[in-house]
Each structure stands twice: as structure tokens, then as C-alpha cells.
Amino acid sequence: MIASLAPLRAEIDAIDDEIVALLGKRLSVVHRVAVVKMAEGLPAILPDRVEAVKALAAERGLDYGLDPVFMAALYQTIIDEACRVEEGIFAAGPQDAPRS
């Protein structure tokens, strides 16, 4: 490895750790959202909300110089995982839903 890259790579690794931790927090909230949706009789996937979240991410990304197409694609991946988690909770039923 080129020595001059080491501190920058360490910085990227630290940022990646933060991103992973934030994704974990986001999915923890998704668990709670699924419980509320089940209690309210809502479906696991709400297409209007999916589109709103992607649009908001694309818009917010502009403040950081991030390509809106990239942000929408990134958030589609994040949302796909959230939907997978919610559908799993729905399939398990409220008795097995997380209490956190």
C-alpha cells in the first residue's frame, strides 16, 4: 500500500463504520415501523412513501454534491432491505415481532 494513502483509507474506513452503524439504527426503526403498520392494518410496503424517501434523498444529496440518480439508486437498495425486513416481520406475525 502506498503510505500516503494510509491515513485517507483509515478515514474512509471510519466513515464506513459510521454508515454501517446508521444503517443498523435505521433498520431498528424499521422493525418498530412494521409493528405499528401491523397494528394499524397497513401494508408492509407503501409505494408512495418509497418514492418520497428516494426523492428526498436525491434532493438532500445535492447539498453534498451527490448525483441524484446515485442517491435514488442507493436509497432503492436501502429501501429494498427495509421492505424485506418488514415483510419478514409481517410473515412472522405480531407475536414474534421485536419489542425494541
Side-chain angles (χ1 to χ4, degrees):
M1 171 168 60
I2 299 172
S4 60
L5 289 178
L8 296 172
R9 287 180 174 163
E11 190 174 344
I12 288 172
D13 290 346
I15 292 167
D16 286 345
D17 287 345
E18 291 178 45
I19 292 169
V20 170
L22 288 172
L23 287 170
K25 285 182 181 181
R26 190 181 195 286
L27 285 176
S28 178
V29 174
V30 165
H31 282 255
R32 297 193 326 254
V33 166
V35 172
V36 171
K37 284 180 176 178
M38 282 191 294
E40 299 291 327
L42 296 169
I45 299 170
L46 301 169
D48 290 346
R49 174 66 178 156
V50 168
E51 292 308 313
V53 170
K54 289 188 329 189
L56 186 57
E59 182 180 324
R60 287 178 175 164
L62 290 172
D63 293 339
Y64 297 93
L66 300 170
D67 181 334
V69 173
F70 162 73
M71 290 301 295
L74 174 63
Y75 266 77
Q76 184 63 60
T77 299
I78 292 169
I79 291 165
D80 287 347
E81 178 61 9
C83 292
R84 186 193 67 77
V85 167
E86 282 191 45
E87 288 174 335
I89 292 168
F90 270 63
Q95 70 281 357
D96 293 324
R99 305 284 185 245
S100 60

CA sep, side-chain torsions, deciding dist, call: E87, R84, salt bridge (Lys or Arg N to Asp or Glu O under 4.0 Å): CA-CA 5 Å; E87 288 174 335; R84 186 193 67 77; over 6 Å; no
Determine, step by step, whether R60 and L66 satisfy the side-chain contact (heavy atoms from CB on, under 4.5 Å) criterion, reporting the C-alpha distance in whole Å, the side-chain angles of both residues, the deciding distance to 0.1 Å, and the verdict. CA-CA 9 Å; R60 287 178 175 164; L66 300 170; over 6 Å; no
Let me see the working for I89 and K37 under side-chain contact (heavy atoms from CB on, under 4.5 Å), right down to the final yes or no. CA-CA 11 Å; I89 292 168; K37 284 180 176 178; over 6 Å; no
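Both L27 and M38 are assigned to one and the same hydrophobic cluster, defined by single-linkage of ILVMFWY side chains at heavy-atom distances under 4.5 Å. Note on L74: it does not cluster hydrophobically with V69, by side-chain heavy-atom contacts below 4.5 Å among ILVMFWY residues. Put simply, L22 and Y75 are part of two different groups of oily side chains (I, L, V, M, F, W, Y) that touch within less than 4.5 Å, one to the next. A continuous path of Ile, Leu, Val, Met, Phe, Trp and Tyr side chains, each step under 4.5 Å between heavy atoms, connects V50 with M71, placing both in one hydrophobic cluster. Under the 4.5 Å side-chain contact rule for hydrophobic residues, L56 and F70 do not share a cluster.
Across every non-hydrogen atom of P68 and A58, the tightest pair is O-CB, 3.6 Å. Heavy-atom minimum distance, E86 versus A34: CG-CB, 3.9 Å. For the pair I45 and P47, the tightest heavy-atom approach, listed with the atom from each and the gap, is O-CD, 3.5 Å. Closest of all the heavy-atom pairs between S4 and P7 is O-CD, 3.6 Å.
I12 belongs to no multi-residue hydrophobic cluster, having no ILVMFWY side-chain contact under 4.5 Å with any other such residue.
With E81 as the fixed residue, the side chain to side chain contact (heavy atoms under 4.5 Å, CB included) test singles out one of V85, I79, T77, I78: V85.
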